> 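Below are the structure tokens for one structure; questions will follow.
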Number of protein chains: 2
Amino acid sequence: MLLFKRRIEPFKGQWSLIGSFVQPQESTEAAVRRVLAESTGLTDIFTDELGIYGAPGRDPGARVISLGYYALIRIDSENLRDTATHDARWFDTKDLPELILDHNQMVADALNKLRRRARYRPVGFELLPEKFTLPQLRRFYESIYGRSLDRRNFRKKILSMSILEKTEEKDMSESRKGAFLYRFIKEKYDAMTERGINFEI
Amino acid sequence: MLLFKRRIEPFKGQWSLIGSFVQPQESTEAAVRRVLAESTGLTDIFTDELGIYGAPGRDPGARVISLGYYALIRIDSENLRDTATHDARWFDTKDLPELILDHNQMVADALNKLRRRARYRPVGFELLPEKFTLPQLRRFYESIYGRSLDRRNFRKKILSMSILEKTEEKDMSESRKGAFLYRFIKEKYDAMTERGINFEI
DNA sequence: ATAATAAGTGTAAAATTAACACTTATTATT
DNA sequence: AATAATAAGTGTTAATTTTACACTTATTAT
């Protein structure tokens, strides 16, 4: 998770999610894209509504209703600007610092939502590299489920959906034997769901 | 779906969802409860976030960001005020009039969200009467899925979850034989999900 | 008394999921 | 050059779940 050191008072210097005010002539989605582009350099990123944070006392400075969105960024994104500056840092979600206001609650909500979604929607592919190995995909779902999944059964199930394309390339970085790289084919996923078959892992 | 004839300009007299401005000292959830109480007389109703409607030109009068919520109201709710006035009317969702602004989009989004949710969450019980028959519950899911479900298999599946309690009463209004009434027991549902079993129909 | 209707029940076949052990490609070590 | 170590890759059988399907029952209307 990408967190930011707040540059302005109040709470200057504390860790925080990033946000901005919606400008008069921009849509809320455009504001999300703008903030993402400013903070990471990325465009065309998967984003999703998280929720509305509207308790009157949540920000001691002013009455602010926050519209929560989360984005999923491939850690290998080519154009990802150097985000490990003194202003921003990537954190393991299991080891997060204290955040300002209700941002810890937002993070908890986002992780819960992501966990629920990943079961029934192909959000995992937004986080993995464009090409990934089946062991990587399996480990992603193992972390979502919080339990291990049988290697053979997982492989059988995901391949039977015919939504992945095998490449000739092997990733040699994580094992001696190496593992073949696969690609998620959105068109095949769409075709599957249109046939009425529910994606579920 | 409960729709309202707008009482003020612009769009006076046209059908609309109901809303209100969030007051300075109330939370967004409190605003939802207030609007619901004012329009139906009901409190303690299931509500859920629908989404954020924030396009800059969506309301020609002013820049308004609408925070969408939907509520599920049991049609037999005891304290439901007479909502069939000249200002408000219940509509079949398959036969809705044209609504102001982007409200038809909101309705479409709400129905889609409800359909998806109903598969994995026990929202159906928020809409059915407190006591309902298994044929009623089955017809609810048939309308969600858009296809018929086998009577015997449906009964087996839902009863195997042990989240329903059978009463001694029979509903004689829908058939000659009558059908036993059941009650959803939230505690049993919670126990089931805590055992890691996913609700899914 | 009989007909009509929808509720209620059980069983067998088919499909899916879960459990499990050996082989293979590659790198590191000797 | 041979051997050990490692994680990837594969196939089969048992268990479970889902699907398909037909008759009996309680009640009301005729």
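Below, all heavy atoms of this structure are taken into account, side chains as well, without hydrogens, waters or symmetry copies. So that the names make sense, note that chain A is the first sequence line, chain B the second, and so on, each numbered from 1. Keep in mind that this is a model prediction, so the values were computed, not measured.
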> Sort and list the pairs that fulfil ring pair (Phe, Tyr, Trp, His ring centres under 6.0 Å) and have at least one residue in residues 90-112 of chain B, not counting sequence neighbours.
Trp15(B)-Phe91(B)
> Charged N to carboxylate O below 4.0 Å: is that the case for Glu200(A) and Arg119(B)?
no
> For Leu149(B) and dC21(D), what is the distance between atoms CG and P respectively, to the nearest whole Å?
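In whole Å, dC21(D) P and Leu149(B) CG are 15 Å from each other.
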> Please determine whether the number of non-hydrogen atoms from other residues, nucleotides or ligands lying under 6.0 Å from atom CD of Glu9(B) exceeds 12.
yes
> Could you tell me which residues satisfy salt bridge (charged side-chain N to carboxylate O under 4.0 Å, His left out) with Glu169(A), sequence neighbours excluded, listed by chain and number?
Lys131(A)
> Whole angstrom is fine here: how far is it from CG in Asp150(A) over to C1' in dT12(D)?
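Distance check: Asp150(A) CG to dT12(D) C1' gives 13 Å.
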> Identify, residue by residue, the members of residues 152-161 of chain B with a heavy atom below 4.0 Å from DNA chain C, and return them in order of residue number, or none.
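Within residues 152-161 of chain B, the residues near DNA chain C are Arg152(B), Arg155(B), Lys156(B).
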> If you look only at distance, which donor and acceptor atoms sit under 3.5 Å apart when one is on a side chain in residues 187-199 of chain A and the other is two or more places apart or in another chain?
| residue | atom | partner | partner atom | Å |
| --- | --- | --- | --- | --- |
| Asp190(A) | OD1 | Lys186(A) | NZ | 3.2 |
| Asp190(A) | OD2 | Lys186(A) | NZ | 2.9 |
| Thr193(A) | OG1 | Tyr189(A) | O | 3.4 |
| Thr193(A) | OG1 | Asp190(A) | O | 2.9 |
| Asn198(A) | ND2 | Tyr120(B) | OH | 3.0 |

> So which of residues 174-183 of chain A are in contact with DNA chain C, with a heavy-atom cut-off of under 4.0 Å?
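Heavy-atom contacts with DNA chain C come from Arg176(A), Lys177(A).
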> Does anything in residues 157-166 of chain B pair up under salt bridge (charged side-chain N to carboxylate O under 4.0 Å, His left out), and if so which pairs, sequence neighbours excluded?
Glu165(B)-Arg183(B)
> DNA chain D in dot-bracket, Watson-Crick or G-U pairs under 3.5 Å, [ ] crossing, | other strand?
||||||||||||||||||||||||||||||
> Looking at Arg74(A) and Asp76(A), is any side-chain nitrogen of the basic one under 4.0 Å from a carboxylate oxygen of the acidic one?
no
> Using the ring-ring contact (aromatic ring centres under 6.0 Å, His included) criterion, which residues pair with Phe11(A)? Sequence neighbours excluded.
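With sequence neighbours excluded, Phe11(A) shows a ring-ring contact (aromatic ring centres under 6.0 Å, His included) to no residue whatsoever.
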> Does anything in residues 123-142 of chain B form a ring pair (Phe, Tyr, Trp, His ring centres under 6.0 Å)? List the pairs, not counting sequence neighbours.
Phe125(B)-Phe132(B), Phe125(B)-Phe184(B)
> Return the value, rounded to whole Å, for the distance between atom CG of Asp171(B) and atom C1' of dT28(D).
14 Å
> Which two nucleotides bound the region of DNA chain C that has atoms under 4.0 Å from heavy atoms of chain A, read 5' to 3'?
dT17(C) to dA28(C)
> Does atom CD of Glu78(B) have more than 12 heavy-atom neighbours from other groups under 6.0 Å away?
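Incorrect, the count does not exceed 12.
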> Tell me, please, which residues at least two apart from Arg34(A) pass salt bridge (charged side-chain N to carboxylate O under 4.0 Å, His left out).
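Once residues adjacent in sequence are excluded, the partners of Arg34(A) under the salt bridge (charged side-chain N to carboxylate O under 4.0 Å, His left out) criterion are Glu26(A), Glu38(A).
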> With sequence neighbours excluded, what pairs up with Arg117(B) under the side-chain contact (heavy atoms from CB on, under 4.5 Å) test?
Asp48(B), Tyr70(B), Lys113(B), Arg121(B), Val123(B)
> If the threshold is 4.0 Å, N to carboxylate O, is there a salt bridge linking Glu29(A) and Arg33(A)?
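A salt bridge is absent here (no side-chain N lies under 4.0 Å from a carboxylate O).
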